[in-house]
Amino acid sequence: MNHYKLLTPGPLTTTSSVKEEMLLDRCTWENDYKSLTQKIRAKILELAGGDPKEYTTVLMQGSGTFTVEAVMNSAISNQDKALIITNGAYGERIVKIAKYIGIAFREFRVANNEYPNEEEIRNILKEDSDITHIVMVHCETTTGILNPIEMVSKLSKEFEKTYIVDAMSSFGGMEINVPELGIDYLISSANKCIQGVPGFGFVIARIDKLIACEGNSRSLSFDLYDQWKEMKKDGKWRFTSPTHVVAAFAKALDELDEEGGIPARFSRYQNNNRILRERLKEIGFHAYITDEKQSPIITTFLFPNESFSFEDFYDYVKERGFVLYPGKLTHINTFRIGNIGEIYEEDIQTLCNVIENYMGVNVK
Ligand SMILES: *Cc1c(COP(=O)(O)O)cnc(C)c1O
């Protein structure tokens with residue numbers, strides 16, 4: 001198999017030591033394994049700044065979307081109504097989930113390269129008192145825009161709404177203090193900034209909100225409350241858990257600590273992202289999102305000219321050791337480069353040299 005680095009927003013490049021944890025077969029009802037689950041749950045809570053008396057962590061089998069669906073399905077009852085703020089494909093996916101489940105919702109959609117406007121949200125909340133929940137994506141991985149969760153947090157507190165944040169691609173790579181932001185449910189997954197492998201998602205949830213979810217779920221598998229009730233006893237998952245993935249994740253959490261925690265990881269990602277954008281700009285690639293709104297996670301670049309072929313470019317870069325990501329915008333030609341995972345400045349410099357050569361620019 002070709003050995004290349006993934007510059008995609010998950011699954012991403014992981015360390016050999018994380019992958020090696022998967023060489024053992026573990027038993028789901030053994031104490032060692034159950035305590036691994038408990039350790040993970042406690043550690044995630046600590047990273048989120050959550051007090052175990054007020055918050056808890058629930059792990060959920062499947063990809064990240066499964067966990068988003070579990071939260072929507074369990075937290076929002078048939079009497080509730082969600083305001084879903086969207087500016088990209090992952091926000092749209094939440095809308096789709098709401099439609100499938102039959103949740104009452106209102107979408108507030110803004111352009112892919114723009115922030116939602118505070119006054120407009122305020123007006124919606126004033127005018128539509130049926131709204132009980134506000135749902136939004138933090139880093140919209142579609143474009144790499146970093147949405148203003150603090151601003152919406154203030155509105156959510158002011159209007160006393162339940163606040164759900166999809167922080168899939170940012171949690172672990174940026175400080176997010178869940179209690180300070182008044183977030184009731186924060187969702188992320190194993191294969192993003194914690195640098196584990198894919199197989200489960202997790203939710204940091206306010207305990208009082210979670211308790212109130214009993215009986216809301218329209219589905220057995222996606223019942224977050226039931227999952228929590230079982231897991232909190234002693235760390236045994238409801239139904240088979242992805243044992244290898246869980247072990248790899250526990251190792252990835254240790255490695256996050258060894259790196260210096262979230263602040264150190266954030267600096268590495270931010271540095272990767274800054275170098276990537278600066279150097280590609282010199283080579284002639286312009287980022288779709290302006291610097292102030294750009295996340296340190298993933299960047300969307302516009303095609304540099306009419307004759308640019310992404311397929312050709314992709315193959316050239318892949319042969320030289322890096323896998324890029326196609327664009328996800330419908331109205332404009334773009335591609336994306338992620339800079340999270342086991343990726344360092346040296347990798348980004350090498351990538352930029354490869355891209356420079358491809359473009360036939362010999363600056364260096
Ligand atoms: C990765 C991601 C998801 C989940 O995607 P899956 O493919 O289901 O893992 C959801 N939201 C955002 C913002 C993401 O980046």
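Atoms within a ligand are numbered from 1 in the order they appear, just like the ligands themselves. Note that the coordinates shown come from a computational prediction; the quantities given were computed from them, not determined experimentally.
Within the structure, no pair that satisfies the ring pair (Phe, Tyr, Trp, His ring centres under 6.0 Å) test touches residues 89-108, not counting sequence neighbours. Residue pairs satisfying the ring pair (Phe, Tyr, Trp, His ring centres under 6.0 Å) criterion with at least one member in residues 171-192, sequence neighbours excluded, are listed as follows: F171-F202.
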Is there any protein N/O under 3.5 Å from an N/O of ligand 1, and what does the full list of such pairs look like?
residue  : atom   : partner : partner atom : Å
ligand 1 : 8 (O)  : S63     : OG           : 2.5
ligand 1 : 8 (O)  : G64     : N            : 3.4
ligand 1 : 8 (O)  : T65     : N            : 2.8
ligand 1 : 8 (O)  : T65     : OG1          : 2.5
ligand 1 : 9 (O)  : G64     : N            : 3.0
ligand 1 : 11 (N) : D166    : OD1          : 3.4
ligand 1 : 11 (N) : D166    : OD2          : 2.7
ligand 1 : 15 (O) : T141    : OG1          : 2.4
ligand 1 : 15 (O) : K192    : NZ           : 2.8

Would you list the atom pairs, donor with acceptor, under 3.5 Å between side chains in residues 321-335 and any protein atom, with sequence neighbours excluded?
none

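More than 12 heavy atoms of other shown residues, nucleotides or ligands fall within 6.0 angstrom of atom CD in E127.
A side-chain donor from one of S217 and N73 sits under 3.5 Å from a side-chain acceptor of the other.
With rounding to the nearest 0.5 angstrom, the NZ atom of K43 is 3.5 Å from the CG atom of D257.
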